[in-house]
Amino acid sequence: MSVNRGEFGSKLGFILAAAGSAVGLGNIWKYPFEVADGGGAAFVIMYLAFCFILCFPVMLTEIAIGRKTNRDAVGAFSALGFRNWSIVGKLGVISGILILSFYNVVAGWAFGYFVNMIVGNFDIGNQFGDFIKDWITIGGYAIVFMAMTALIVSRGIQDGIEKAAKFLMPSLFLIILFLVIYAITLPNSGAGLEFYLVPDFSKISFETVYGALGQAFFSLSLGMGALITYGSYVSKKDNIVSSAAYITLTDVAIAFIAGLMMFPLVAFINQGDMSNVQGGAGLIFVTLPGVFESLGPILGILIGGIFFLLLSFAALTSTVSLLEVPVAHIVDEYKVERRKAVYGMAALIFVVGIPSLLANGAVDFLSAKTFFGFDFMTFVEKVASDTFLPLGGTLITFFAAYIWKKENLHEEIAIGYDGYGNSFVKKYLDLAVTIICPTILSVIFLLTVLNIYFKISIF
Ligand code: TRP
């Protein structure tokens, strides 16, 4: 079965590739505006709690299932002997296609901003609305982006991605750190930090709860088998508990410092007034160009250009993992040649993304709040990341605990981790997969469905 599927070159290679999948537009574009929309620090606390309490066990379970079976997200369930459960993998493949369809459009924005920065067009921030409305230009950037993704995926994961991630991730980290320091020295930054770090629990609504959960899943690339797929390329010698811990910490740290960068900047621009912070998809794209401009022409072009270039690369390591899930599925299960699978899938997903491309001003009914109160692109994001991912997480943990059986899960995780048997991680994971994750995730899932699709809110 597993003839020449490939394997990550090293443990570090896997961690970087999985962290590369996790760290992306979700951390730097989506997280700050979700925090803004969710009311600030109260959202942040919930997000952090979800990442560590609920998502970490899901991540470990996904990696374990992948490594145990050496199969794609769908085939993994069959390989364990539960064909019926492969529907969970299918849901994951569909989620991956949906997420990549709109993600690629936003990646096109980021890439377009890079081009605008290097020619010194800082005014682009004020023209964000017109920029994303221009579907021909954005479509062009998006095609280039999808083509780069396809090129990397067609070469297999190790060569391109492992190497690129090693250099790019630390660079991105450094440039954000520079911007954090710059932001904090600006006037009124304190008001931004307060908004970001001092919770006001009266701002919590159910939208905040499901938004934080969806964001946690999205940011950690969970709930759709991306880590089952990456886990299937992991060596039996590795300690996957520590790998999962590094991946989670890296991802959460980058999102957290992106917030430390963003909110002082927003406060600076709003002159300290955080009472009416507008989140929305434009947050980084509207705010940052003005900040780069304030650095002066040379430094502005340099830092602005590098920032959006690195953001594009961060997005690229994520789009690669999103494309890898459906590709691995058709390669493993239908024996399609990898190259054909890659280019076919990439084209299909691009087409699925066209309505999202047009939903930012180009076509009125797609851009208006026609779809359960959302524009089309936001709607796809709600369906995939706030609904399907937590559902996937519920089903994956339930499956591991009760169908595959938790003893088998523990046995797989213990491989490569000598002290696992008596560890705290084992005790917590046991509780998490049997009780905490399936119950909390399914309750939030049901309430989310009521909220998004039926407009019924319990609080
Ligand atoms: N985690 C990525 C980000 O934050 C997006 C992503 C990549 C993703 N692969 C995924 C989300 C798989 C969910 C599932 O930008």
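Whatever order the structure lists ligands and atoms in, that order sets their numbers, starting from 1. Quick caveat, the model's predicted, so the values are computed rather than measured. Count residues from 1 along the sequence.
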Discussion item. Looking at Thr387 and Lys382, would you say the former's side chain and the latter's main chain have a donor-acceptor pair under 3.5 Å?
Written reply: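 Checked: pair present.
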Fill in: Test side chain to side chain contact (heavy atoms under 4.5 Å, CB included) applied to Thr394 and Ile440, step by step
CA-CA 9 Å; Thr394 313; Ile440 298 186; over 6 Å; no
Worksheet item: What orientation do Phe292 and Phe307 show, parallel under 30°, tilted 30 to 60°, or perpendicular over 60°?
Response: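 The arrangement is tilted - the two ring planes meet at 30° to 60°.
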Worksheet item: Where does the angle between the aromatic ring planes of Phe263 and Tyr196 fall among parallel (under 30°), tilted (30 to 60°) and perpendicular (over 60°)?
Response: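 Because their plane-to-plane angle is under 30°, the rings of Phe263 and Tyr196 count as parallel.
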Item to complete: Could you tell me whether Lys30 sits above the aromatic face of Phe218, with NZ or CZ closer than 6.0 angstrom to the six-membered ring centre and within 45 degrees of the axis?
Response: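 Yes, Lys30 lies over the aromatic ring of Phe218.
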Practice prompt. From the options Leu100, Val105, Thr319, select the one residue that forms a side-chain contact (heavy atoms from CB on, under 4.5 Å) with Met146.
Written response: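 Only one option passes, and that is Leu100.
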Hey, what polar pairs (N/O, under 3.5 Å) does ligand 1 make with protein?
residue: ligand 1; atom: 1 (N); partner: Ser21; partner atom: O; Å: 3.2
residue: ligand 1; atom: 1 (N); partner: Ala22; partner atom: O; Å: 3.0
residue: ligand 1; atom: 1 (N); partner: Phe218; partner atom: O; Å: 2.8
residue: ligand 1; atom: 1 (N); partner: Ser219; partner atom: O; Å: 3.1
residue: ligand 1; atom: 1 (N); partner: Ser221; partner atom: OG; Å: 3.0
residue: ligand 1; atom: 4 (O); partner: Ala22; partner atom: O; Å: 2.9
residue: ligand 1; atom: 4 (O); partner: Gly26; partner atom: N; Å: 3.4
residue: ligand 1; atom: 4 (O); partner: Asn27; partner atom: OD1; Å: 3.4
residue: ligand 1; atom: 9 (N); partner: Ser221; partner atom: OG; Å: 3.3
residue: ligand 1; atom: 9 (N); partner: Ser321; partner atom: OG; Å: 3.0
residue: ligand 1; atom: 15 (O); partner: Leu25; partner atom: N; Å: 3.2
residue: ligand 1; atom: 15 (O); partner: Gly26; partner atom: N; Å: 2.8
residue: ligand 1; atom: 15 (O); partner: Tyr103; partner atom: OH; Å: 2.5

